[in-house]
Amino acid sequence: TVNFNVVAPSEMNNANEGHFHLFLDGGSYILCDSTECFVESVTPGYHTLKVEMHNNDHSVYGVDGKAKTVSFTARLS
């Protein structure tokens with residue numbers, strides 16, 4: 001999506017504006033209202049992270065929130 005402005009949630013939807021919901025291993029969403037987001041306390045092992053775009057009011061952006069899922073293995077450093 002081009003020209004999507006990442007902003008804090010609000011009650012008023014504005015075109016091409018919103019935030020992200022992150023889902024680690026299918027759990028509750030983690031709010032991300034920045035272009036850089038951090039997921040803390042990830043245990044070592046295999047994980048999946050799903051990212052969805054949401055409008056200002058938390059409704060899904062578009063049909064499927066332009067959802068993407070990645071899998072990764074976390075290791076202790």
Kindly compute the distance separating NE2 (His19) from CG (Asn5), expressed to the nearest 0.5 Å.
14.0 Å
Between the main-chain N or O of Met12 and the side-chain N or O of Asn56, is there a donor-acceptor pair closer than 3.5 Å?
yes
Distance flag, aromatic centroids of Phe4 and Tyr61, threshold under 6.0 Å:
yes
Any salt bridge (Lys or Arg N to Asp or Glu O under 4.0 Å) pairs touching residues 26-45, not counting sequence neighbours?
none
Pairs involving residues 45-77, ordered by first then second residue, that meet disulfide (SG to SG under 2.5 Å) (sequence neighbours left out)
none
Spell out, yes or no, whether Phe72 and Phe38 are grouped together once hydrophobic residues are joined by side-chain heavy atoms under 4.5 Å, including indirect joins.
no
Minimal non-hydrogen separation, Asn3 against Asn16, with atom names
O-CB, 3.3 Å
Minimum heavy-atom distance Ser71-Thr48, with the two atoms named:
OG-CG2, 3.5 Å
Are Val6 and Val39 grouped together when hydrophobic residues (ILVMFWY) are joined by side-chain heavy atoms under 4.5 angstrom apart?
yes
Leu31: hydrophobic cluster co-members (side-chain, 4.5 Å):
Phe23, Tyr29
So salt bridge (Lys or Arg N to Asp or Glu O under 4.0 Å) across residues 45-60, not counting sequence neighbours, yields Lys50-Glu52
I'd like to know if Val70 and Tyr46 are part of one continuous hydrophobic network [Ile/Leu/Val/Met/Phe/Trp/Tyr, side-chain heavy atoms within less than 4.5 Å].
no
Apply the test side chain to side chain contact (heavy atoms under 4.5 Å, CB included) to residues Thr69 and Leu49: give CA-CA distance (whole Å), side-chain angles for both, the deciding distance (0.1 Å), then the verdict.
CA-CA 6 Å; Thr69 302; Leu49 181 69; over 6 Å; no
d(Leu24 CG, Ser41 OG) to nearest 0.5 Å is 10.0 Å
Could you check if a side-chain atom of Pro9 sits within less than 4.5 angstrom of a side-chain atom of His58, using non-hydrogen atoms only?
yes
Got a sec, which pairs hit disulfide (SG to SG under 2.5 Å) with one end in residues 28-77, sequence neighbours left out?
Cys32-Cys37
Does any part of the side chain of Phe20, heavy atoms only, come nearer than 4.5 Å to the side chain of Met53, both counted from C-beta?
yes
Considering only heavy atoms from C-beta outward, does the side chain of His21 approach that of Ile30 to under 4.5 Å?
no
At their closest point, which heavy atom of Val60 faces which heavy atom of Gly65, and how far apart are they?
CG1-N, 3.0 Å
Listed once per pair and sorted, the salt bridge (Lys or Arg N to Asp or Glu O under 4.0 Å) pairs that draw on residues 6-26, sequence neighbours left out:
none
